[in-house]
Amino acid sequence: MSEVRVRFAPSPTGVLHLGGARTALFNYLYAKNQGGKFLLRIEDTDRERSTDESTKAIIDAMKWMGLHHDEEIVFQSKRVDAHLEALNTLIKKNAVYKCYCTAEERNTAREKAEAEGGSYIHRCDCRDATNEKELPFVWRFRMPKEGETVFDDIVQGTIVTQNLEIEDLVVARQDGSPLYNFVVVVDDAFQRVSHVIRGKDHLTNTPKQIQIYKALDLPVPRFAHLPLILGLSKRLRSAGVESYRDQGYLASGLNNYISRLGWSYGDQEIFTFDEIIEKFDLTTVNRSEGSLDLQKMEWVNQQHIQNAEGRLLAKEVVVFLEREGFSVAADDAKLLAAVETMRARAKTLVELARNLKFYFVADDALEYDEKAREKFFTSVALDRLRGMAEALTSVDEWSEENISACINDFIGAQSLKLKDVAQPSRLALVGRAAGPGLWETMVVLGKTSTIARLSLAEAI
RNA sequence: GGCCCCGUCGUCUAGCGGUUAGGACACCGGCCUUUCACGCCGGCGGCACGGGUUCGAGUCCCGUCGGGGUCACCA
């Protein structure tokens, strides 16, 4: 069996949005699952709209997602010679013809067709004209007029198109520059692409391209057209992968979520990246289109935050802590410990970083939640906090066990219950009425900070 | 409008002629508990509609309706 070679071929006209990201991901997954190659081609022949910034943004986004391409990136704009050569082949084979029709002529014909309630398919006398004219022309492809074009789409099933329904598409502009449906064939053949995996919006291009493959005597690849992602609000639609990265998504979480849009593996929801690669199967991809569910996406990300290796999570969150104004080393022992106390409480890295701030703020700069302060910092409570602070000075080995024993002695001596002091102390230590368990919080904070914060607590 | 594709809880999905139609998110209860989470238990909620085929249809066929894609000298 020949090697599986797939490609992702974005046009660099904007950011890599989720739809494109999923196409790239599915290509990558299929390639890796099959032990094949994942190629990247930048379709930058539309000079008007293509930008270098966009190219860079797409490459960066893919890199972040972990979708590393094999072989050199192919820039379509650098392949015009090959395109022109292929065009020459078509000309020699009489597979294309000169069409002299003007834009006005086409427009009136189109309007007429639409007025009659049909669709416009360009047909003119140029195809059968025998005499050359000294007029501007485009090259049109001589589409078969009879029969049908059939292909077996891996996800969509058998697609049959009547050849009469396929237009004699223009293959090269008046200025001689080749057009998309033509160059995509030339380039896919050049890169020896075995499977074309792309969005379903390309479905109607496929029969045209198949006819071009045949005219050029090139092997026709297999096709797989992915259902589109619907229900994206305009804002979500335009949001690039990097905006999700900035919102605190882990690459593994984002990949997991978007892979499940159209693909599934029994009842399993959470997958590591390697697991998706191992289990991915194009033939089980759904035909129906799906839509984004931000809440579920967050939940999936949360699961990945919970499962992530501690050092990796710490490394990821450092950037977000930086944004909150805290500079912490990725391998800082306190950070590592702090992350462990908080990971179950964050859906995103942004949230995790915010929750972690209190560990790193100066003891006398800790701010208290106003509502909680009014509720818990009663004068009785504050007395108890100071008592606790004093009792804790006697703890030598600063462990959860010893801290817990010390505090229990303290409250036992006063016939109190843990409930009586838990929330006031939490507020004094964390600044909020919610947070990790007290003992673990104290351990991470350290003896000095713990005692300082308990003593510093004040009513308004 | 022509052509093409799709249609299971609100959302993502399992199902591949015989199931009490399963799971997940969200939502609502409860448990756990020093708070908030996490976790656990339970609940709500679905085969778009109408015809066939069949002993039997979410599963097969046709139609209707609904949704989407595409109809460039863009990619």
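For the numbers below, each heavy atom of this structure counts, side chains included, while hydrogens, waters and symmetry mates do not. Order of the sequence lines fixes the chain letters, A, B, ..., with proteins taken first and strands second; residue numbering starts at 1 for each chain.
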Per-nucleotide protein contact string for nucleotides 62-75 of chain B, where B marks a base within reach and S marks sugar-phosphate only (heavy atoms under 4.0 Å, - for neither): -----BSBSSSBBB

Watson-Crick/G-U partner (both atom distances under 3.5 Å) of G45(B): none

Touch class at under 4.0 angstrom, heavy-atom based, for Gln306(A) against every strand present: sugar-phosphate

Glu167(A) bridged to Lys208(A) by N-O distance under 4.0 Å: no

Protein proximity profile, nucleotides 24-30 of chain B - base contact B, sugar-phosphate-only contact S, no contact -, cut-off 4.0 Å on heavy atoms: BBS----

Least distance between heavy atoms, Met342(A) atom then Asn355(A) atom: CE-O, 3.4 Å

C5(B) phosphate, OP1 or OP2, under 4.0 Å from Ser288(A) side-chain N/O: no

Glu43(A) vs Thr13(A) side-chain heavy atoms within contact, under 4.5 Å: no

Check: C6(B) base within 3.5 Å donor-acceptor of Arg287(A) side chain: no

Under 3.5 Å side-chain donor-acceptor pair for Thr206(A) and Arg198(A): yes

Short side-chain N/O contact from Asn286(A) to OP1 or OP2 of A14(B), under 4.0 Å: yes

Shortest side-chain distance from Leu261(A), nucleotide among C12(B), U35(B), C5(B): C12(B)

